[in-house]
Amino acid sequence: MASIRRTLSPSNERHYQNGNQYSVQSPSHKLVLNGKSSSLLYSRKNYISRKKLFYRCLVFFVLGFVLGMAPFGGFDDARSSDFSFEIKPPVVNVKEEMKDVVIPRPDNVVVNSVKSPGSGEKVQGKFDYVSRKLLIVVTPTYNRALQAYYLHRLSEVLKLVKSPLLWVVVEMNVASAETADILRKTGVMYRHLVCSKNMTDIKDRGVHQRNVALEHIEHHRLNGIVYFADDDNIYSLELFESIRSINRFGTWPVAMLAQSKSKAILEGPVCNGSQVIGWHTNEKSKQLRRFHVDMSGFAFNSTILWDPKKWHRPTSDPIRQLDNVKEGFQETTFIEQIVEDESQMEAVPPGCSRVLNWHLHLEARGVVYPGGWLLQKNLDAVISTT
């Protein structure tokens, strides 16, 4: 059987209307085409996998957000849930622990029996704190040979008085560094004031110094018992404790030396219990006074100075000591501004049975320092090197 083999020639290539002709590709050319298609296929698969990964992450994120925001119980259940907890202290047997412990009791605190809250017994405990009135001690002072000695002596008494106590020290013209140094070392709460009055116009220096202290008390509305304590007087500790009980105005007898310095006399009230019924007086020149009291023989409530309505005072004029009266009448004219008569006074101590301070006037006049000593503002004496 005869076979016919037809050979292909370039003339037999097909022509298309668009003018393009394709020839049969060689094996090497087919290999190049297959390489391009495989790279395109790989990039397409990679794009699809990244897209699926993105959508999966987005689905998981939304699912986690929804689960996190959705409560597993109702709002009422959440409100009613009690998240508080209580820490209970261990039960301690106080009787056994405090068997050998001794607790000192101060004088102003009353303590009844108190039992521990762990024991089954019901016990009532009571703590009574007794408050004390503030004592405002006013002391006018001035430069002289024995000033430091007097201030130290008075400060030693005031240190023994139970607090609260305020020591108001008033100097003339300037607050000296020496006086300030003494006050700092006393350990007593103090205020150091200055009276700036012109000395040429002053009859009684102490009157103006006390008025400076009264203005200070009134301005700052200090609430307590005011007492004028000169630095050269002698005071018992019982006096300061007794005047705390004063309600409005209290007075007591003061022992002093007569002008002749040969005998002691009393000046102050005659008492029947807590009532003032008369006065001790021994000098004819002072019999015209309404109240026979020494400046250190009375104390009064400080609110009288700055609260006239409380005490039904007829006027709101400031209460001050007067410098334009005769010597010896400063006390009575001052007291007349505080009380109307003896019915508004209180006897200290009841019955005026004891003398609690002394006004002796023992300081010698014209005291001179030893020769060869150097004086610094009349307070501290320093031995001269010459």
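Predicted, not measured: the structure shown is a model, and the values here were computed from it.
- Side chain of Asp230 to backbone of Asp232: no donor-acceptor contact under 3.5 angstrom is found.
- For the atom pair CG (Leu135) and CE (Met189), the distance works out to 10.0 Å, reported to the nearest 0.5 Å.
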Next item on the list: In sequence, state the C-alpha distance, the side-chain angles, and the governing distance for Val194 and Val170, and then conclude on side chain to side chain contact (heavy atoms under 4.5 Å, CB included).
Entry: CA-CA 5 Å; Val194 175; Val170 188; over 6 Å; no
Checklist line | Derivation and outcome, side chain to side chain contact (heavy atoms under 4.5 Å, CB included), residues Leu360 and Ile234 | finding: CA-CA 8 Å; Leu360 302 179; Ile234 300 174; 3.7 Å; yes
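- Residues Val348 and Gly250 come closest through the heavy atom pair CG2-CA, 4.3 Å.
- Side-chain contact between Arg144 and Gln147: present, with at least one pair of heavy atoms (C-beta onward) separated by less than 4.5 Å.
- A donor-acceptor contact closer than 3.5 angstrom is absent between the side chains of Glu267 and Thr281.
- Residues Trp358 and Asn233 fail the side-chain proximity criterion, which asks for heavy atoms closer than 4.5 Å.
- Remark: Gln337 CD to Ile319 CD1 distance equals 6.0 Å, nearest 0.5 Å.
- No continuous path of ILVMFWY side-chain contacts below 4.5 Å connects Val157 to Val138, so the two sit in separate hydrophobic clusters.
- Under a cutoff of 6.0 Å and an axis angle of 45°, Arg244 and Phe240 do not form a cation-pi pair.
- By the 4.5 Å heavy-atom criterion applied to side chains, Ile136 and Leu165 are not counted as neighbours.
- In the hydrophobic cluster analysis, where Ile, Leu, Val, Met, Phe, Trp and Tyr join through side-chain heavy atoms closer than 4.5 angstrom, Phe298 is grouped apart from Val355.
- Between Leu134 and Leu166 there is a side-chain heavy-atom pair separated by less than 4.5 Å.
- Contact detail for Val254 and Gly297: the closest heavy-atom pair is CG2-CA, 3.5 Å.
- Between His220 and His216, the two ring planes are tilted [angle within 30° to 60°].
- Side-chain contact between Ile265 and Met256: present, with at least one pair of heavy atoms (C-beta onward) separated by less than 4.5 Å.
- Closest approach of Ile225 and Ala299 over heavy atoms only: CG2-CB, 3.8 Å.
- In this structure, the side chain of Thr186 engages the main chain of Val188 through a donor-acceptor pair within 3.5 Å.
- Annotation: the span from Ile304 atom CD1 to Phe249 atom CZ amounts to 8.5 Å, rounded to 0.5 Å.
- A donor-acceptor pair under 3.5 Å links the side-chain atoms of Ser302 to the main chain of Leu222, judged by distance alone.
- In this structure a side-chain-to-backbone donor-acceptor pair under 3.5 Å is missing from Arg191 to Ala213.
- A continuous path of hydrophobic side-chain contacts links Leu305 to Val168 [ILVMFWY only; heavy atoms under 4.5 Å].
- A distance of 10.0 Å separates CH2 of Trp167 from NE2 of His192, quoted to the nearest 0.5 Å.
- Tested against Asp323, the residues His208, Lys197, Lys203 include a single side chain to side chain donor-acceptor pair (under 3.5 Å) partner, His208.
- Although no hydrogens or angles enter the test, the distance criterion places no donor-acceptor pair under 3.5 Å between the side chain of Glu238 and the main chain of Ser236.
- Listed by first and then second residue, the disulfide (SG to SG under 2.5 Å) pairs that reach into residues 218-281 are Cys271-Cys352, sequence neighbours excluded.
- Contacts of Arg221 classified as side chain to side chain contact (heavy atoms under 4.5 Å, CB included), with partners at least two apart in sequence or in another chain: Trp306.
- Two residues are said to be in side-chain contact when any heavy atoms from C-beta on lie closer than 4.5 Å; Val169 and Leu193 fail this criterion.
- Taking the charged nitrogens against the carboxylate oxygens, Arg153 and Glu156 have no contact shorter than 4.0 Å, which rules out a salt bridge.
- Side-chain atoms of Asp231 and Thr139 include no donor-acceptor pair closer than 3.5 Å.
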Note to self: Applying side chain to side chain contact (heavy atoms under 4.5 Å, CB included) to Ile246 and Phe300, what does each step give before you reach the verdict?
What the structure shows: CA-CA 7 Å; Ile246 293 175; Phe300 60 94; 6.0 Å; no
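- Using a 4.5 Å heavy-atom threshold, the side chains of Ile243 and Tyr227 count as touching.
- A distance-only check finds no donor-acceptor pair linking the side chain of Arg210 to the backbone of Arg205 [under 3.5 Å].
- Glu342 and Arg290 are joined by a salt bridge, as a carboxylate oxygen and a charged side-chain nitrogen come within less than 4.0 angstrom of each other.
- A cation-pi arrangement, defined by a distance under 6.0 Å to the six-membered ring centre and an angle within 45 degrees of its axis, is absent between Arg320 and Phe334.
- Glu346 places a side-chain N or O within 3.5 Å of a backbone atom of Arg248 that can act as its donor or acceptor partner.
- When all heavy atoms of His292 and Arg289 are compared, the pair lying nearest together is NE2-O, 3.2 Å.
- Judged purely by distance below 3.5 Å, without hydrogens or angles, the side chains of Glu171 and Thr179 pair a donor atom with an acceptor atom.
- When all heavy atoms of Arg132 and Ser163 are compared, the pair lying nearest together is NH1-O, 3.1 Å.
- In terms of heavy-atom proximity, Met345 sits nearest to Trp279 at SD-CH2, 3.7 Å.
- In this structure, CD on Gln344 lies 11.0 Å from CG on Asn247, to the nearest 0.5 angstrom.
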Notebook entry, point to check: Under the side chain to side chain contact (heavy atoms under 4.5 Å, CB included) criterion, do Trp311 and Ile338 qualify, and how do the steps go?
Noted result: CA-CA 9 Å; Trp311 302 100; Ile338 301 176; over 6 Å; no
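- Taking the six-membered ring where the residue is Trp, the centroids of Phe291 and Phe329 are separated by 6.0 Å or more.
- For Gln275, the CD atom is loosely surrounded, since the number of other residues' heavy atoms within 6.0 Å does not exceed 12.
- Inter-residue side-chain proximity for Glu218 and Pro318 is flagged as met; some heavy-atom pair is nearer than 4.5 Å.
- Taken to the nearest 0.5 Å, the CG atom of Leu58 stands 13.0 Å off from the CZ atom of Arg56.
- For Asn357 and Trp252, the side-chain atoms include at least one donor-acceptor pair closer than 3.5 Å.
- Both Val161 and Ile182 are part of a single hydrophobic cluster, where members link through side-chain heavy atoms under 4.5 Å apart.
- Leu239 and Leu154 fall within the same hydrophobic cluster, where Ile, Leu, Val, Met, Phe, Trp and Tyr residues are linked whenever their side-chain heavy atoms come under 4.5 Å apart, directly or through other members.
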